[in-house]
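Proteins get letters first, then strands, A, B, ... in listed order; numbering begins at 1 in each. What you are looking at is a predicted structure, and each value in this text was computed from that prediction instead of being measured.
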Amino acid sequence: MGLLVTTGVAVLLGVAARNEPLDAEILTTAVNGGASFGLPFLAVFMAIIGIFACGHEYRHGTIQPTLTSLPQRSRLILAKLIVVTVTTVVVTALSMAINTAVVYIVWGEAPGLFEDPIGTALAGYAIYTLIYVLVGFGLGLLFRGVPSALVVIFLMPLIIESIIMGLAFIPALDWLVPVVKFLPFTAGSRLMEIVPPDFGPGSPDFDLFSRWTSGGIFALFAAVILTTAWILFKKRDA
Amino acid sequence: MITAKGLYKRYRKTVAVDHLSFDVRPGVVTGFLGPNGSGKSTTMRLMLGLDHGEGETLFDGKQFGTIRRPMNEVGALLEAKPFHPTRSARNHLRMLAAGNRIADKRVDEVMEFVGLGDVRRKKPKGYSLGMAQRLGLAQALLGDPQTLLLDEPTNGLDPHGIHWMRDVLKTLASEGRTIFVSSHLLSEMQLMADELVVIGRGTMIFNGDVDTFVREFTQSQVVVRGPETAGLTEALKAEGAEVVSEDDALVVSGLEIGKVGHVAFTVGAELHELSTRRASLEEAFMSATGSSEEFVAKEPVRAAEPATAAAEGEAL
């Protein structure tokens, strides 16, 4: 499904902009399937798989037969984590390869695909997708269910962080300005940028971190969620 | 061999399992009995490391959590329907088998064995409770384990299924396996179990063989039948026995059969029957766990006699 949607974006873009020169923005958008429009489609679909990996065990009570067949809890989580990670990496690479093929079919070239900033932004997209999926995996394990994890993983980047960002523009709430660069999903999205974001004239100086430092904040957030979930999983009754 | 030592589990203010220690021997079926809420399922979950608490359980000397491929050593059936709704029954077992290096061929074998061969590719969400129990047993038997832990395996089974389950467990026990099984069907347990672990409110009430349990928790009775028992009744009461007339017989409590025979001989009573009536496991269970019930229901209120009801109606 994720592959289909991201390929669809590339095809749609190819049909609409086939007569325009292929610039960095169009090329990146085509290859990452419109990730820069908000949450990357593929990350969302793969995060659902990440949430299901543990959340479904509790939703359907299968955690009991699972743990009686594999009682070493860390071994179980590690196995699930490896499967989810490898699946995400393979699907993301496949999606990017398919979309690159679409670009070659439509424009016959993909200039600067492996160079900065396009290559870096595409690598950042793959890393963002993986971290986002790991956050989903951690939330599914932490909440021991699917609905709560789904709500958090969509609500946090799309609503909560957007509200904090919007409020930071109000002079009376300017104390929120230094907080923005630490918002995990906002920081993570910097991994996929081709050019630094422009918030318009008169906007506050968010003093955002660099691409990789921002990515590090997102990764740190994922690590905190995963570690907390892992520790609790080992301590809680099944 | 299962060795449980000092199993303890507390939920906030409630002690669910209170320092239980017992052994489950191989070669026999050991029944695990207790009223609702007595801590049977929690004990089994503690034994398998699903719940965290105090104490230790060893399966042939090893803790469950340290066994790398546990399905080959310990088979467990705890809940009736823990199945993924989109996975077929066969795939559910294949998934568990894969983690324990069990071949797919064995999955088909156990599904045939429990009678689900024809429906193995169907999703278990459509299974009846009885079919789900059979799939649960198939899961427990997947690795051909030496030890089986089964929580209420006969729940939802029809009489044929219960009979089949009893035969299966007794056969497995006769092969030298360790079988630990909880059930509420006491008549079934009486036929199936050789030994018992009986708990109430999380504490041990009895651990030993079924005969000893019945003997220990019930009073044996002597049945006396004869053409003329009036004199004998008086003589037995004089010896301190409790005598109840039941049809054409006397049921004597509080005296051994030999003593009853001696009293009959002394008063010259002619006897057509002198026998011991053994109490059932159910009677023994009720006697042993009566004060340990966690959830006590009210006795049903009898409907008032029509005449009485009418009189009360008039009074009102």
Side-chain angles (χ1 to χ4, degrees), chain A residues 1-2 45-87 136-137 140-150 227-238, chain B residues 9-11 16 41-42 44-53 59 62-87 92-102 123-125 132 135-136 138-140 142-143 145 148-151:
Chain A
M1 185 74 174
F45 286 116
M46 295 312 296
I48 290 172
I49 291 175
I51 289 170
F52 281 3
C54 292
H56 260 191
E57 293 269 21
Y58 289 96
R59 188 177 175 199
H60 302 296
T62 52
I63 190 69
Q64 176 253 301
T66 299
L67 282 176
T68 51
S69 68
L70 195 67
Q72 297 85 17
R73 297 189 181 200
S74 285
R75 203 171 142 222
L76 173 70
I77 292 305
L78 197 62
K80 282 178 179 279
L81 206 54
I82 289 169
V83 170
V84 169
T85 302
V86 169
T87 308
F137 181 92
L141 185 60
L142 187 65
F143 292 121
R144 302 199 289 181
V146 174
S148 318
L150 282 176
T227 309
T228 309
W230 199 316
I231 291 169
L232 287 175
F233 177 65
K234 291 200 74 176
K235 282 186 172 177
R236 285 164 158 174
D237 292 341
Chain B
K9 175 71 179 174
R10 171 189 280 275
Y11 295 108
S41 296
T42 307
M44 285 187 157
R45 291 173 62 84
L46 273 173
M47 292 168 80
L48 294 169
L50 293 172
D51 284 358
H52 293 296
F59 296 89
K62 288 178 273 188
Q63 282 189 336
F64 187 73
T66 63
I67 307 173
R68 192 160 175 83
R69 295 189 186 110
M71 293 191 97
N72 298 302
E73 298 184 35
V74 181
L77 161 62
L78 295 185
E79 284 172 34
K81 280 193 157 187
F83 309 117
H84 196 282
T86 61
R87 211 173 278 151
H92 170 74
L93 294 189
R94 280 181 64 221
M95 189 200 73
L96 299 173
N100 286 263
R101 299 269 171 93
I102 297 166
K123 294 183 176 84
K125 68 176 180 179
L135 181 56
Q139 176 189 307
L142 205 50
L148 280 175
L149 255 84
L150 310 171
D151 192 8

Largest heavy-atom contact set with chain A, pairs under 4.5 Å, which of [options]:
options	value
B:Leu78, B:Asn72, B:Leu48	B:Leu78
B:His84, B:Gln139, B:Lys125, B:Met71	B:His84
B:Gly49, B:Pro85, B:Gly75, B:Gly53	B:Pro85

Check [X] against [Y] and note the closest heavy-atom contact, atom names and distance.
X	Y	result
A:Gln64	B:Pro82	OE1-CG, 3.6 Å
B:Met95	A:Thr66	CE-OG1, 4.4 Å
A:Thr68	B:Ala76	CG2-CB, 4.2 Å
B:Asn100	A:Ser69	ND2-O, 2.9 Å

Residues in residues 73-80 of chain A that sit under 4.5 Å from chain B, counting heavy atoms only: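 Listed by number, the contacting residues are A:Arg73, A:Arg75.
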Contacts of residues 46-56 of chain A with chain B (heavy atom under 4.5 Å):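 Against chain B, the residues of residues 46-56 of chain A that fall inside the cut-off (heavy atoms, under 4.5 Å) are A:His56.
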Option among B:His52, B:Arg45, B:Lys9 that satisfies the side chain to side chain donor-acceptor pair (under 3.5 Å) test with A:Asp237: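 So, applying the side chain to side chain donor-acceptor pair (under 3.5 Å) to A:Asp237 and each of B:His52, B:Arg45, B:Lys9, only B:Lys9 qualifies.
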Is [X] in contact with chain A via its backbone, its side chain, both, or neither, using a 4.5 Å heavy-atom distance?
X	value
B:Phe64	both
B:Arg69	neither
B:Leu46	neither

Min side-chain heavy-atom separation B:Leu96-A:Pro65 under 4.5 Å: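 Yes, side chains in contact.
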